[in-house]
Amino acid sequence: MISEENRLPLSFYEAYDTRTLAQKLLGCELVHNSPEGLTSGIIVETEAYLQDDPACHAYRKRTARTEPMYSAAGTIYVYLIYGMYQCVNIVSREDGCAEAVLIRALQPTEGIELMEMRRRFSRKNLLPGFVPKPVALRELCKGPGKLVQAMGIDRSIHNAQSLDTSSLYIRPQILGHFEIEISKRIGITQGADLLYRYTVKNNRFVSK
DNA sequence: TGTACGATGACCT
DNA sequence: GGTCATCGTACAT
């Protein structure tokens, strides 16, 4: 089967406030058409980051790192975390308003072998004697750092690009009927009680 | 110069 | 299941 591009237009990202967009993105397909091959997965877990939210990178000061967050809806924001992993966000709202949706987990669809290879060999596999082990399907994109590795997303390539023109883009909703579960965001202390996390209920590819 | 923040894998139980 | 090690970024001192 040949998969068509079927890229969502920027009007999709402009149409909703950030928390609504985070929910509308569930069931959509994140696609990376990379030189090594095409990989994709259904978005099953997102988190919203708002301007008046202490967990948001743009909560305090406008810096070089967070500059893409201030761009138009549909801009890609990739940041480095723990000095070793990266997380991918979809910028929402209008120019000058720094809000975004963090993509936290995918249900793999296309290019599963390529995703498995990327995950297996992007580990600390340069140490002598380290033998990379196969990565289970369920583990491929189960977490924001993991899905970025599996999809071959890279800050130096994708950060500040537009989903309208990048090799990374999103296809419309393809998941069958599902319920959205709302919960607290994972792994943060600032704004920890805000219910800005959205998951596909009972989906086994959700991170937790 | 120091410190808070935060995702993952290795290792252990 | 839990504990530990890893380090770029932002910001206070």
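In what follows, chains carry the letters A, B, and so on, assigned in the order in which the sequence lines appear, proteins first and then strands, with residues in each chain numbered from 1.
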Practice task
Determine whether Ile180(A) and Ile103(A) fall in the same hydrophobic cluster, where Ile, Leu, Val, Met, Phe, Trp and Tyr are linked whenever their side-chain heavy atoms lie under 4.5 Å apart.
Solution key: yes
Please report, rounded to the nearest Å, how far the [atom2] atom of [N] is from the [atom1] atom of [X].
| X | N | atom1 | atom2 | value |
| --- | --- | --- | --- | --- |
| Arg60(A) | dT3(B) | CZ | C1' | 14 Å |
| Leu147(A) | dT8(B) | CG | C1' | 13 Å |
| Ile81(A) | dT6(C) | CD1 | P | 18 Å |
| Lys61(A) | dC5(B) | NZ | C1' | 17 Å |
| Leu80(A) | dG6(B) | CG | C1' | 11 Å |
| Tyr79(A) | dG8(C) | OH | P | 17 Å |
| Met84(A) | dT9(C) | CE | C1' | 16 Å |
| Arg62(A) | dT9(C) | CZ | P | 18 Å |

Problem - Any N/O donor-acceptor pair, Tyr85(A) side-chain to dA7(B) base, under 3.5 Å - result: no
Fill in the blank from the handout: Rounded to the nearest 0.5 Å, the NZ atom of Lys24(A) sits from the CD1 atom of Ile170(A) at a distance of 14.5 Å
Practice task
Cation-pi check, Arg7(A) to Tyr169(A): give yes when NZ or CZ is under 6.0 Å from the six-membered ring centre and within 45° of the ring axis, no otherwise.
Solution key: yes
Exercise for the section: Identify whether NZ of Lys or CZ of Arg in Arg185(A) sits under 6.0 Å from the centre of the six-membered ring of Tyr49(A) and within 45° of that ring's axis. Expected result: yes
Practice task
Apply side chain to side chain donor-acceptor pair (under 3.5 Å) to Ser34(A) and list each qualifying residue two or more places apart in sequence or on a separate chain.
Solution key: Glu36(A), Arg118(A)
Report yes if at least one side-chain N or O of [X] is closer than 4.0 Å to OP1 or OP2 of [N]; otherwise report no.
| X | N | answer |
| --- | --- | --- |
| Lys142(A) | dT8(B) | no |
| Arg185(A) | dG6(B) | no |
| Arg65(A) | dC11(C) | no |

Practice task
Measure the acute angle between the ring planes of Tyr16(A) and Phe12(A), then classify it against the limits of 30° and 60° as parallel, tilted or perpendicular.
Solution key: perpendicular
Problem - Closest-nucleotide 5' rank along DNA chain B - winner of Gln190(A) and Glu139(A) - result: Gln190(A)
Exercise for the section: Evaluate the salt bridge (Lys or Arg N to Asp or Glu O under 4.0 Å) criterion for residues Arg120(A) and Glu139(A): first the C-alpha distance (whole Å), next the side-chain angles of each, then the deciding distance (0.1 Å), finally the verdict. Expected result: CA-CA 11 Å; Arg120(A) 194 194 303 196; Glu139(A) 288 294 323; over 6 Å; no
Which nucleotide, [options], lies nearest any side-chain atom of [X]?
| X | options | result |
| --- | --- | --- |
| Thr63(A) | dA7(B), dT6(C), dC11(C) | dC11(C) |
| Cys87(A) | dA7(B), dG6(B), dG9(B) | dA7(B) |
| Pro144(A) | dT9(C), dA7(B), dC5(B) | dA7(B) |

Practice task
Report yes or no: is the ring centroid of Tyr82(A) under 5.5 Å from the six-membered base ring centroid of dG8(C), with the two planes under 30 degrees?
Solution key: no
Fill in the blank from the handout: Residues in residues 192-204 of chain A with a heavy atom under 4.0 Å of DNA chain C, by number, are none
